[in-house]
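The next block holds one structure in the form of structure tokens; read it before the comments.
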Amino acid sequence: MPELPEVETVRRGLAPYLEGRSLVRVDVRRADLRIPVPRDFAGRATNRRVERLWRRGKYLLMELDDGATIIAHLGMSGRLVLAGNGVNGQGRHDHVSFETEDGTHIVFNDPRRFGLITLAGPGDLENHPLLAAMGPEPLDPAFDGAVISAALRTRSASIKAALLDQHVMAGIGNIYACEALFRARISPRRKAKGVAGQRAERLVLALKQVLTEAIEAGGSSLRDHRRPDGGLGYFQHSFAVYGREGEPCPGCNCDRDETGGIRRMVQGGRSTFFCSRRQR
DNA sequence: CGGCAAACCTGCGAGC
DNA sequence: TGCTCGCAGGTTTGCC
């Protein structure tokens, strides 16, 4: 499910229930996620207070009062939801659950188990292998044309592939890569190193805008994404190209013919949606 | 380094 | 109704 806006939506939804609260009970019902939940996970998290719920790229991070940090990634199908919204903590794919001191139950549910929950000890987060090499946050004010140009300058891969590479920048997935390239009018086939100057400026602006708008809309609910309260995001209604193969291009209104309309191609095994007339 | 395919795992919709 | 196929928002690994 989750790219940066969806993870940020989850963070915002859960923060009021977690920040400043102690975890009085932690249950691991299934530990064989993408990387195994550590054996001592429940013991190390129980009776710790959550100081801060924050996000790095697509990772949700729960900083605990002993300096350790719970690391969660939702993979393709993961959810972190408040119990009671169709999830009770006992379901087939309810793998980990947390209960806070005021009786709130939060459940990590992930049918495909591409997600993970683990824990970094005090001081270990910065060097944690999952996070250490991650690129900059696209919504950081310091993320600008110069930063993105420097990150892309050495990359001969396509710009679409570069956007999906979490070492280049953090949090972009297939949907927002397609949407940002459309807004920036850049061909997904263009070499990443060819995105500099004005193109880089347009791309930075497009990324910031599409991510911000998506967060404001509560993310995109296609198959799996739910807000922590069970509610739907609705940014999917604002997609310009993603999943719109065969439709007229909303930018130039070109219709489906030799050169126009929204087309789908496969890059690196992932679908790319684009308008070859508008994106160069 | 790059590009690609496959692997991880389950569910869903389309088509027959 | 029921089966098979293809596809899915992510990431890693291995091969050429």
Side-chain angles (χ1 to χ4, degrees), chain A residues 1-10 30-37 55-60 71-80 86-87 91-95 108-118 128-135 138 151-181 188-194 207 210-211 214-215 217-227 232-246 264-273:
Chain A
M1 110 190 171
E3 304 181 33
L4 188 156
E6 289 73 40
V7 179
E8 179 61 21
T9 299
V10 172
R30 182 148 192 178
D32 57 335
L33 308 181
R34 178 157 65 82
I35 64 174
V37 181
R55 179 189 59 70
R56 178 78 173 93
K58 301 173 189 173
Y59 289 92
L60 266 177
I71 303 172
H73 192 289
L74 301 177
M76 292 275 266
S77 59
R79 303 190 211 177
L80 262 171
V87 174
R92 181 146 110 90
H93 303 302
D94 295 345
H95 306 314
F108 176 74
N109 173 288
D110 184 8
R112 294 175 74 178
R113 283 186 285 124
F114 287 177
L116 64 90
I117 289 194
T118 188
H128 196 285
L130 291 172
L131 301 169
M134 197 162 5
L152 298 173
R153 190 157 45 219
T154 62
R155 302 256 166 182
S156 57
S158 71
I159 183 62
K160 167 77 185 311
L163 289 176
L164 294 179
D165 186 338
Q166 303 298 298
H167 304 293
V168 173
M169 67 190 75
I172 308 303
N174 204 37
I175 290 177
Y176 297 103
C178 292
E179 294 294 318
L181 288 170
R189 290 194 182 97
R190 177 175 285 275
K191 300 282 185 206
K193 62 175 60 168
L207 285 163
V210 74
L211 295 173
I215 291 168
S220 306
S221 293
L222 291 187
R223 294 163 191 80
D224 301 308
H225 173 61
R226 290 285 123 65
R227 309 195 325 188
L232 298 170
Y234 49 90
F235 189 73
Q236 65 275 14
H237 303 302
S238 301
F239 292 166
V241 290
Y242 187 84
R244 296 194 182 280
E245 182 180 17
R264 184 178 84 96
M265 66 176 167
V266 176
Q267 290 178 289
R270 317 287 307 273
S271 289
T272 299
F273 298 90

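Quick caveat, the model's predicted, so the values are computed rather than measured. Lettering follows sequence order; numbering is per chain, from 1.
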What's the closest nucleotide to the side chain of A:Lys58 if the choices are C:dC7, C:dG10, B:dG11? C:dG10
Please measure how far the P atom in B:dC9 lies from the corresponding atom in C:dC3, and state the result in whole Å. 23 Å
Selection: residues 166-174 of chain A, any non-hydrogen atom under 4.0 Å of DNA chain C: A:Gln166, A:Gly173, A:Asn174
DNA chain B: A:Arg92 or A:Arg34, which has the more 5' nearest nucleotide? A:Arg34
What nucleotide, of C:dA8, B:dG11, B:dG2, holds the atom closest to the side chain of A:Arg155? B:dG2
Candidates C:dT12, B:dC9, B:dG3 - which lies nearest the side chain of A:Ala157: B:dG3
In residues 161-178 of chain A, what donor-acceptor pairs under 3.5 Å come from side-chain atoms, sequence neighbours left out?
{"unit_1": "A:Asp165", "atom_1": "OD1", "unit_2": "A:His167", "atom_2": "N", "d": "2.9"}
{"unit_1": "A:Asp165", "atom_1": "OD2", "unit_2": "A:Arg155", "atom_2": "NH1", "d": "2.9"}
{"unit_1": "A:Gln166", "atom_1": "OE1", "unit_2": "A:Gly171", "atom_2": "N", "d": "2.8"}
{"unit_1": "A:Gln166", "atom_1": "NE2", "unit_2": "A:Leu164", "atom_2": "O", "d": "3.2"}
{"unit_1": "A:Gln166", "atom_1": "NE2", "unit_2": "A:Ile172", "atom_2": "O", "d": "2.9"}
{"unit_1": "A:His167", "atom_1": "ND1", "unit_2": "A:Ala133", "atom_2": "O", "d": "3.1"}
{"unit_1": "A:Asn174", "atom_1": "OD1", "unit_2": "A:Lys160", "atom_2": "NZ", "d": "2.8"}
{"unit_1": "A:Asn174", "atom_1": "ND2", "unit_2": "A:Ser271", "atom_2": "O", "d": "2.9"}
{"unit_1": "A:Tyr176", "atom_1": "OH", "unit_2": "A:Glu6", "atom_2": "OE2", "d": "2.7"}
{"unit_1": "A:Tyr176", "atom_1": "OH", "unit_2": "A:Ser220", "atom_2": "OG", "d": "2.7"}

Interatomic distance where CG belongs to A:Asp165 and C1' belongs to C:dT11 [whole Å]: 11 Å
Looking at C:dT11, C:dA8, B:dC9, which one has an atom nearest to any side-chain atom of A:Arg270? C:dT11
Just to be sure I understand: a Watson-Crick pair is purine N1 to pyrimidine N3 plus N6-O4 or O6-N4, both under 3.5 Å. Using that and G-U wobbles, which stems of three or more pairs involve DNA chain C? B:2-8 with C:10-16, B:10-16 with C:2-8
What is the distance, to the nearest angstrom, from the CG atom on A:Leu152 to the P atom on B:dG2? 11 Å
Measure from the side-chain N and O atoms of A:Glu245 to the backbone N and O of A:Phe273, and report whether any donor-acceptor pair falls under 3.5 Å. no
At under 4.0 Å, does any side-chain N or O of A:Ser271 touch on OP1 or OP2 of C:dA8? yes
Rounded to the nearest angstrom, tell me the gap between atom CE in A:Met134 and atom C1' in C:dT11. 12 Å
Closest to the A:Glu3 side chain, choosing from B:dT10, C:dG10, C:dC7: C:dG10
Taking the side chain of A:Arg112 as heavy atoms from C-beta outward, which of C:dT11, C:dA8, B:dG11 is closest to it? C:dA8
Hey, is the side chain of A:His93 poking within less than 4.0 Å of OP1 or OP2 on B:dG11, counting only N and O atoms? yes
Pairwise P distance, C:dG6 and B:dA5 [rounded to whole Å]: 15 Å
Looking at every strand, decide which applies to A:Tyr176 at a 4.0 Å heavy-atom threshold: base, sugar-phosphate, or nothing. nothing
